Amino acid sequence: MWWRLTLPCPPELEESLVWKLTDLGLHRHAVQHAPETPDRKTLLVWLPKPEWPEPQRRELIASLQPLAEPFGLSLPDGHWDDVADEDWSLSWKQHWQADPVGAGLLILPAWLEVQPEHADRLVIKMDPGSAFGTGSHPTTRLCLEALEQSPPLGSLVADLGCGSGVLGLAALGLGAESVVAADTDSLAVRATADNRGLNDRSEAELQVALGSVETLSELLAPRRADLLLCNILAPVIEALSPGFEGLLQPDGRALLSGLLVDQAPRLKEVLGGLGWLVTVEAAQGRWGLLEIRRR
Ligand SMILES: C[S@@+](CC[C@H](N)C(=O)[O-])C[C@H]1O[C@@H](n2cnc3c(N)ncnc32)[C@H](O)[C@@H]1O
């Protein structure tokens, strides 16, 4: 007894759409894409049929439409299917696939086996639940690729806005000594803890708690991190940035993503004013990543 919305999802809109749905308490959603065409995605949303007559479904679409405007896009047309007997919790799992990232990483939905062509890759198992961060979003990929290019060997890593924990788990796989992680969303904290178990990591290796900069600082005390990972939207990064210095060793670095390329100049100016130097810049489509170090 479900309505299933199928909506073509431009990559720029994925994050906002997933957040909006989660904010509305609609957790039964999935973003489908084939690994070879990461830019062609489809958003699927399942709604209990009795609670969602047509006017409510139209209202939902109307509330998603404004999310496209900041990108100069309009929300693509979607369609609703009556999927009377579909078990959404199984259906959304069918849409995930093993996702090779960078030269040697593989994001693997926990219920799948590693295929022979990916046997040499470092596997990060994910049961993404409703927390953002399966590895398919360009900002997550940018962070994963940057991690892979400069592996955090022996580092203490702080993962701010950990989502599903994908970045912290990748950091551990790439040689980090330990990770502390925080997120303001309790579902993300739970997903990170669940994914820690899936990847056979201990609580000593990956500690996660509800919160933000302060929480990370408490988890790190009396130490500071060698590497800060922060993949959150640009205005949030800007608001949190005065706290970065207190989280990092003087010679530490941070990987910041979640920003649009257009937002980079302003963010660089703010970070420069706080004594940070941008040492690496990368982009995928309209999304950007900055690596920063103390000047
Ligand atoms: C774009 S997701 C990134 C998830 C994951 N780290 C990744 O790279 O795929 C951003 C995450 O930041 C969290 N978040 C948003 N504002 C935050 C804040 N002020 N402090 C900590 N986490 C925050 C959200 O709940 C969300 O899980």
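For ligands, and for the atoms within them, numbers begin at 1 and follow the listed sequence. The structure presented is a predicted model; accordingly, all values stated were derived computationally and were not measured.
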Where's the contact between [X] and ligand 1, heavy-atom distance under 4.0 Å: side chain, backbone, both or neither?
{"X": "Val166", "answer": "side chain"}
{"X": "Leu167", "answer": "side chain"}
{"X": "Ser164", "answer": "neither"}
{"X": "Asn231", "answer": "both"}

key: Aromatic ring pairing Trp287/Phe71, orientation class (parallel under 30°, perpendicular over 60°, tilted between)   =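 Trp287 and Phe71: tilted rings.
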
message = With the threshold set at under 4.0 angstrom, would you say Cys162 reaches ligand 1 through any of its heavy atoms?
response = yes

Looking only at atom types and distance, does a side-chain atom of [X] sit under 3.5 Å from a main-chain N or O of [Y], one as donor and one as acceptor?
{"X": "Ser217", "Y": "Val213", "answer": "no"}
{"X": "Asn195", "Y": "Met126", "answer": "no"}
{"X": "Arg286", "Y": "Pro11", "answer": "no"}
{"X": "Arg224", "Y": "Gln249", "answer": "no"}

key: Which residues share a side chain to side chain contact (heavy atoms under 4.5 Å, CB included) with Glu177, sequence neighbours left out   =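 Listed in chain order: Arg223.
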
Could you tell me, atom by atom, which parts of ligand 1 come under 4.0 Å of a heavy atom of [X]?
{"X": "Val236", "value": "16 (N), 19 (N)"}
{"X": "Asp185", "value": "25 (O)"}
{"X": "Ile232", "value": "12 (O), 14 (N), 15 (C), 16 (N), 17 (C), 22 (N), 23 (C)"}
{"X": "Gly163", "value": "4 (C), 27 (O)"}

task = Using distance alone, determine whether Gly161 and ligand 1 share an N or O pair under 3.5 Å.
result = yes

inquiry  = Does any N or O of ligand 1 fall below 3.5 Å from an N or O anywhere on Thr140, backbone included?
reply    = yes

message = On a heavy-atom basis, I'd like to know which of Gly211, Ser212, Gly243, Cys230 is closest to atom 19 (N) of ligand 1.
response = Ser212

ask   = Nearest heavy atom to atom 16 (N) of ligand 1: which of Thr139, Thr184, Ile107, Asp183 does it belong to?
value = Thr184

task = May I ask you to check if Lys49 and Trp2 form a cation-pi contact, with NZ or CZ under 6.0 angstrom from the six-membered ring centre and within 45° of the axis?
result = no

task = Return yes when atom CD of Glu269 has more than 12 non-hydrogen atoms of other residues, nucleotides or ligands closer than 6.0 Å, and no otherwise.
result = no

query = With Thr279, which residues qualify under side-chain hydrogen bond (donor to acceptor under 3.5 Å, both in side chains), at least two apart?
reply = Glu291

